[in-house]
Amino acid sequence: RRRVGVDVARAQVQDQIVDRWFSPDERRAYRESKRRPTLFARMWSRKEALGKAMGAGVPQVLRGELRGRWIVHDIQLAPGFAGALAVEEG
């Protein structure tokens with residue numbers, strides 16, 4: 001039995017969330033991107049999907065409190081949205 005988590009995020013500029021919750025490498029990529037809203041949605045949905053699969057929140061994911069091994073897939077959605085699926089390796 002494997003744990004799974006799914007999330008969908010709207011593409012939008014979220015500088016305050018990026019500054020607080022993203023790693024230095026992620027913040028740099030976000031700041032340099034010409035597609036900030038789309039990149040934000042993709043990165044945030046990955047974090048949320050992983051947190052949901054683990055039964056945890058984004059803070060635990062960011063602190064590296066990952067139990068198990070995970071695969072995270074991007075999900076193609078309608079323009080203006082990004083999604084992710086996190087699956088525990090079995």
Side-chain angles (χ1 to χ4, degrees):
R1 186 176 204 162
R2 296 189 284 176
R3 297 178 287 174
V4 299
V6 177
D7 190 69
V8 173
R10 180 183 299 274
Q12 55 190 324
V13 174
Q14 291 288 344
D15 293 340
Q16 292 176 336
I17 292 174
V18 170
D19 290 342
R20 180 172 181 183
W21 297 109
F22 286 28
S23 72
D25 288 340
E26 289 171 323
R27 286 194 299 269
R28 184 173 40 260
Y30 174 80
R31 298 274 183 245
E32 293 173 358
S33 176
K34 293 181 181 182
R35 300 185 59 188
R36 281 186 182 183
T38 302
L39 183 58
F40 168 80
R42 187 170 60 237
M43 291 191 293
W44 188 254
S45 65
R46 291 173 182 169
K47 294 176 189 309
E48 285 281 357
L50 189 53
K52 289 174 181 179
M54 292 173 24
V58 171
Q60 290 81 11
V61 171
L62 298 177
R63 287 194 297 260
E65 298 172 8
L66 306 177
R67 294 183 193 95
R69 293 175 50 149
W70 300 91
I71 299 170
V72 179
H73 299 278
D74 291 328
I75 302 170
Q76 286 295 97
L77 300 171
F81 294 89
L85 168 68
V87 180
E88 186 175 31
E89 286 187 345

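Here the structure is a predicted model, which is why all the values come from computation and not from measurement.
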Report task. Begin from the C-alpha positions of Arg20 and Gln16 and carry the test side-chain contact (heavy atoms from CB on, under 4.5 Å) through to its verdict. Result -> CA-CA 6 Å; Arg20 180 172 181 183; Gln16 292 176 336; over 6 Å; no
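Transitive grouping of hydrophobic side chains (ILVMFWY, heavy atoms separated by less than 4.5 Å) brings Val4 and Ile75 into a common cluster.
At least one side-chain heavy atom of Arg27 sits less than 4.5 Å from a side-chain heavy atom of Asp19. Between Phe22 and Met43 there is a side-chain heavy-atom pair separated by less than 4.5 Å. When side chains are defined from C-beta on, Asp15 does not count as touching Phe40, because their heavy atoms never get closer than 4.5 Å. Looking at Tyr30 and Val13, their side chains come closer than 4.5 Å, going by heavy atoms from C-beta outward.
Using a 4.0 Å cut-off between charged side-chain N and carboxylate O, Asp74 and Arg46 make a salt bridge. Between Glu26 and Arg31 there is no salt bridge, since no side-chain nitrogen of the basic residue lies less than 4.0 Å from a carboxylate oxygen of the acidic one.
Atoms CD and CZ, from Glu89 and Arg2 in turn, are 8.5 Å apart once rounded to the nearest 0.5 Å. Summarising the geometry, atom CG belonging to Leu50 is positioned 11.0 Å from atom OG belonging to Ser45; distances are rounded to the nearest 0.5 Å.
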Atom pairs and distances, donor-acceptor, side-chain atoms in residues 79-88, under 3.5 Å, two or more places apart:
unit_1: Glu88; atom_1: OE1; unit_2: Arg3; atom_2: N; d: 3.3
unit_1: Glu88; atom_1: OE1; unit_2: Arg3; atom_2: NE; d: 3.2
unit_1: Glu88; atom_1: OE2; unit_2: Arg3; atom_2: NH2; d: 3.0

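For Gln76, the CD atom counts as loosely surrounded, since its 6.0 Å shell holds 12 or fewer non-hydrogen atoms of other residues, nucleotides or ligands.
Leu39 and Ser33 make their closest contact through CD2-CB, 3.8 Å (heavy atoms, listed as atom of the first residue, atom of the second, distance).
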